[in-house]
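We name chains A, B, ... by the order of the sequence lines, and we start the count at 1 in each one. Any value given below was found using the heavy atoms of this structure, including those in side chains, with hydrogens, waters and symmetry copies removed.
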Protein chains: 2
Amino acid sequence: MTDAPLQTVTNAARLLKAFLTREESLGVSELARRLGLGKSAVHRLLTTLATEGLVEQDPATGGYRLGLVVFELGEAVRVHMDLHAAAGSVLAHLREETGESAQVGMLDGHDVVYVDRLESSHALRLFTETGRRVPVHCTSSGKVLMAFASEPVRERFLATASLTRHTPQTITDPDEMRRALGTVRARGWADAVDERELGIASLAAPIRDRHGAVVAAIGIGAPVSRFRAMPRKRLARVVVEAGEAVSRRLGWSEDVMSLRKES
Amino acid sequence: MTDAPLQTVTNAARLLKAFLTREESLGVSELARRLGLGKSAVHRLLTTLATEGLVEQDPATGGYRLGLVVFELGEAVRVHMDLHAAAGSVLAHLREETGESAQVGMLDGHDVVYVDRLESSHALRLFTETGRRVPVHCTSSGKVLMAFASEPVRERFLATASLTRHTPQTITDPDEMRRALGTVRARGWADAVDERELGIASLAAPIRDRHGAVVAAIGIGAPVSRFRAMPRKRLARVVVEAGEAVSRRLGWSEDVMSLRKES
DNA sequence: GCCGTCGTTCCGTAAACCGGAACGCGCTGT
DNA sequence: ACAGCGCGTTCCGGTTTACGGAACGACGGC
């Protein structure tokens, strides 16, 4: 860690991440511009990555795109997220109960990454794919993850993260956020209405691993119109119970955690 | 391509691929041994990749594992496989019709990669995850992909691939394989019974893109016992029709392809 | 309490990678 | 038709850079 990072490898990593924009394929010159590198360097990186199967060249356009090996690696990661196994049927149950899209998110840096997801059956539904990042401070999942993070992590987040305003409802003041997170911690769930984008709302609860640490959040997202029509109390209970169900599958037993009132 | 590959990047790529074995986490020394590199080199690679989020260190064991960014990248690849969108409901229909696990596979090198999959509802079912590689020469999907590949690709495969024997039924002779592929091409589907592993059987048909090129195969896999009990003719028709349904969604119109007899 | 092994750090040197320029190609607009 | 542009690709020299080997502190087991 004290070592200077390998610049070539760093460049290769950044190159791969450039494809996170989900563009169909990217050209050498375009990538060189975005990465601030020479064309030849990018070309060499690409051909190298291509021989390893991490990227592949579109014979028609000459552009490059991510290769199947990357897909394989992604699936390998998914397998080790015990969450995927533990959350599967719970997500299905949650969607059935609420009729809305249900998802599981994990914290990574200053973002939440959705690692699993089931879509609502409604025609009007939230569009979010797995693997997408969303901000922490204006989503219910993010607030849950922050509320239950260790205190140093939380304070570091409040100190360094920019609480960017997305809507008039977005919480942008660190102190207000601190208070909001306290509430979340106290009642065991978080919601977010119109905070990230006008018209969408979500509600989430924590998922704990076998040691009791909150490693992920499970929740539902819906259009504000439908969200408002649902009895908030029942909804929160359903989501919290879903979180507890997944936690139990991960080996967490709420007995060890002294006094917690069950509904 | 004529350039010498960047060795550092190659090492980084190989390092990532080492995680395809799906081990929970790997240590510096272990990786150094597998890759034939020095410990310090591996350590530097890992710390570099870690700062980019491609790998992460388990604070408890000190070992490393793939990071969430890799998962994100994998999902980004999935999106661009139009197949995922096109095949979804067809896979569901196929599983419903047959009651068996249904999957979509693509060719990559000398392997077939399953890019999409739905599991059978039977208690006894094939266990294969998406992102897994299987050999070409002893699977129905593989035979379909080879049978409909361009002639140079096919011949190159027959010349260079080692038709490894997995069971007594595995086709290991290039000439016999050539004949088998001819049959597949003629009738439009392939099967494989006890060829990869004793007790499992599969049947697959081609998926064509808008230009008519066979880019993937769709098929079902089942225990040989159940497979034998199904009327082969009907099963083949169902699978072939599933392939045609996906192909149509990919923009392929069978009209342009002159004379093809529909059932 | 002693090895063996782990992850990590340091350092000198040889090899590897970056940048810049040039090439061939397919466009587009004149 | 032709010139101009942008593309992906190639080549080559100079300097940076990444490799290997050895040493360190910590952990854990016979």
Side-chain angles (χ1 to χ4, degrees), chain A residues 1-19 21-70 80 211, chain B residues 1-19 21-67 70 80 211:
Chain A
M1 202 65 122
T2 70
D3 245 337
L6 301 183
Q7 70 160 37
T8 303
V9 175
T10 304
N11 286 339
R14 298 234 161 93
L15 180 53
L16 290 176
K17 289 204 228 168
F19 288 97
T21 59
R22 316 230 161 170
E23 282 156 286
E24 172 62 37
S25 87
L26 293 169
V28 172
S29 306
E30 178 62 23
L31 286 166
R33 243 171 279 127
R34 294 197 196 176
L35 300 174
L37 296 174
K39 276 202 302 183
S40 64
V42 170
H43 180 256
R44 249 170 306 140
L45 283 169
L46 285 168
T47 53
T48 304
L49 291 171
T51 66
E52 294 298 324
L54 292 181
V55 303
E56 57 190 28
Q57 188 170 23
D58 184 338
T61 70
Y64 289 84
R65 56 169 172 253
L66 291 175
L68 275 179
V69 170
V70 170
H80 285 309
H211 308 104
Chain B
M1 202 65 124
T2 68
D3 245 336
L6 302 183
Q7 72 156 41
T8 302
V9 174
T10 305
N11 287 340
R14 298 234 160 95
L15 181 53
L16 289 175
K17 288 204 230 169
F19 289 96
T21 59
R22 317 232 162 170
E23 281 156 285
E24 173 61 38
S25 86
L26 293 169
V28 173
S29 307
E30 178 61 24
L31 285 166
R33 242 171 278 127
R34 294 197 197 178
L35 300 175
L37 296 174
K39 275 204 300 183
S40 65
V42 171
H43 180 257
R44 247 170 307 139
L45 283 169
L46 284 169
T47 52
T48 303
L49 292 172
T51 65
E52 295 297 325
L54 292 182
V55 303
E56 57 190 27
Q57 187 170 23
D58 184 340
T61 69
Y64 289 84
R65 56 168 172 256
L66 291 176
V70 170
H80 283 310
H211 307 106

Pairs of donor and acceptor atoms involving the side chains of residues 9-16 of chain B, under 3.5 Å and at least two apart or interchain, shall be tabulated with distances.
from, atom 1, to, atom 2, distance (Å)
B:Thr10, OG1, B:Leu6, O, 2.7
B:Asn11, ND2, B:Gln7, O, 3.4
B:Arg14, NH2, A:Glu52, OE2, 3.2

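One can place CG of A:Asn11 at 18 Å from P of C:dA16, the figure rounded to the nearest angstrom. In this entry the distance linking CG of B:Leu26 with P of C:dC6 reads 12 Å, nearest Å. Computed from coordinates, the B:Leu46 CG to C:dC6 C1' distance equals 14 Å when rounded to whole Å. For the pair A:Glu30 CD and D:dC7 C1', the interatomic distance rounds to 12 Å; values are reported in whole Å. Taking atom CD of residue B:Glu56 and atom P of nucleotide C:dG7, one finds them 16 Å apart after rounding to whole Å.
Comparing the helix axis at one end of the helix from C:dC2-D:dG29 to C:dT30-D:dA1 with that at the other, each defined from 5 consecutive pairs, gives an inter-axis angle of 50° (nearest 10°).
At the phosphate of D:dC19, OP1 or OP2 sits under 4.0 Å from a side-chain N or O atom of B:Arg44. For D:dG8, the OP1/OP2 oxygens have no side-chain nitrogen or oxygen of A:His43 closer than 4.0 Å. The phosphate of D:dT17 (OP1 or OP2) has no side-chain N or O of B:Gln7 nearer than 4.0 angstrom. The phosphate of D:dC7 (OP1 or OP2) has a side-chain N or O of A:Ser29 nearer than 4.0 angstrom. Within the structure, every side-chain polar atom (N or O) of A:Tyr64 is placed at least 4.0 Å from both OP1 and OP2 of D:dC7.
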List every contact pair, protein side and nucleotides 25-28 of chain D side both N or O, where the distance is under 3.5 Å.
none

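Contacts between residues 31-42 of chain B and DNA chain C, defined by a heavy-atom separation under 4.0 Å, are made by B:Arg33, B:Lys39, B:Ser40.
Take A:Arg34 and apply the salt bridge (Lys or Arg N to Asp or Glu O under 4.0 Å) test, not counting sequence neighbours, and it matches A:Glu23, A:Glu30. A search for side-chain contact (heavy atoms from CB on, under 4.5 Å) contacts involving B:Ala41 returns B:Arg44, not counting sequence neighbours.
The side chain to side chain contact (heavy atoms under 4.5 Å, CB included) test with B:Tyr64 is passed by exactly one of B:Leu45, B:Val42, B:Leu26, B:Thr47: B:Thr47. Each of A:Val55, A:Thr51, A:Leu54 was evaluated against A:Leu46; a single residue qualifies, A:Val55, per the side chain to side chain contact (heavy atoms under 4.5 Å, CB included) test.
The residue among B:Thr8 and A:Gln57 whose nearest nucleotide of DNA chain D is located toward the 5' end is A:Gln57.
Nearest heavy-atom pair across B:Lys39 and B:Ser29 is CD-OG, 3.4 Å.
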